[in-house]
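For reference, the structure discussed in these notes is given below.
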Amino acid sequence: MVTILSTVEAQAPSAAGPSGCGPVPVPVPVVAVPGPGVAAALPNGAPPGPPPVADDSKTNLIVNYLPQSMSQEELRSLFGSLGDIESCKLVRDKVTGQSLGYGFVNYVEAGDADRAIGALNGLKLQTKTIKVSYARPSSASIRDANLYVSGLPKAMGQKEMEQLFSQYGRIITSRILVDQVTGVSRGVGFIRFDKRVEAEEAVRGLHGQKPLGAAEPITVKFANTPGQKSGGALLSLCPGARRYGALHPPPQRFRLDNLLNVAYGVKSPLSLLPRFSPLAIEAVPALAGVGLGTPGPGWCIFVYNLAPEADESVLWQLFGPFGAVTNVKVIRDFATNKCKGFGFVTMTNYEEAAMAIASLNGYRLGDRVLQVSFKTTKQHKA
DNA sequence: TCGTATT
């Protein structure tokens, strides 16, 4: 484990991840670094060129679309399974302390950052699909670059909207809101530009304009910032409610086939899943975190019949969709570093853990059938 | 008709 160090501020310029939402292929961004124009020696004899700013453009990741309940420690646990972490920060609301749903992970090694993108981008955690990409260098010029667009033709898709806006700058993300039932566009979307000046230009150029063939003009304005409310009464401040847990949203109805096929590309019909009931013996709320499971809060789950190549990200992918996962561990042979066939997962909430066990026990992962259960306590091991 | 991407 690595001690948390202060985040390095300065970064060399780099490209950001691709535009678009959700799990998308992440090309390794390479952008030429605009160097200083002059290379003259300094009076003090110091070497010419830029000051020795730390270049974390290849180690520092931004993680978006994190579940609301995910803590910084869980973020560290998730990404720490891929390599040593230099720093890790979950961004929170200054007033309430609530997660803003994104964070930064800076690895020691660039190769680990690259692997983390490959392993964790698109990971499903509860209701979210996280996005992992290289962080752009922090700068005031990239803030407040998010636009709200309404009045879009219902037939306009994300791609078309991007085409419309891309003439004004580089698009970081875009989204069109759709009716949850019908899936039809609500005519409302968001465009985040790389630079605020690009967004400003887009407002000037597109607000009140009619897209090609459209009947109505579109509205283009800056989107609300996270602090602003959009509708109902403002939630009362809850200074003490920084820790999730008690007020966890109920588990969703999971589509295992979707959730797991995305992660593994395997076919596994729900009909193959065992359906034993998650027994009630240990289901005494007051006893959560004791008895079964580990020291520390949560429910420890034993996972057996993992492949030798299994790593922590596999366990995150398997259990993350079911609810709050605080820790995962693959047990490896010391000499070979291969998985010894089993591992452990800690989940915060009993109901979610029980659902994960009920769903994943007997699940076929590749050519293996997993055995999943609550970890049994081996007492008195001195 | 406003989900949450720059520490």
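All chains are named by letter (A, B, ...) in the order of the sequence lines, taking the proteins before the strands, and each is independently numbered beginning at 1.
With contacts defined as side-chain heavy-atom distances shorter than 4.5 Å, the pair S57(A)/P137(A) does not qualify.
Backbone-only engagement by Y102(A) is indicated by non-hydrogen atom pairs under 4.0 Å involving sugar-phosphate atoms exclusively.
A distance-only check finds no donor-acceptor pair linking the side chain of N305(A) to the backbone of L370(A) [under 3.5 Å].
Heavy-atom minimum distance, F222(A) versus A145(A): CE2-CA, 4.4 Å.
Within the structure, every side-chain polar atom (N or O) of R92(A) is placed at least 4.0 Å from both OP1 and OP2 of dT7(B). The phosphate of dA5(B) has OP1 or OP2 within less than 4.0 Å of a side-chain N or O from Y65(A). When the side-chain nitrogen and oxygen atoms of T173(A) are compared with OP1 and OP2 of dA5(B), none of them lie within a distance under 4.0 Å. Contact annotation: K128(A) reaches the phosphate of dT4(B) (side-chain N/O to OP1 or OP2, under 4.0 Å).
Within 3.5 Å, no donor on the side chain of N64(A) pairs with an acceptor on the base of dG3(B), nor the reverse. Applying the 3.5 Å distance criterion, the base of dT6(B) shares no donor-acceptor pair with the side chain of R143(A).
Near DNA chain B, defined here as any heavy-atom distance below 4.0 Å, the residues from residues 147-157 of chain A are Y148(A), K154(A), listed numerically.
A side-chain donor-acceptor contact under 3.5 Å links Q158(A) and S174(A).
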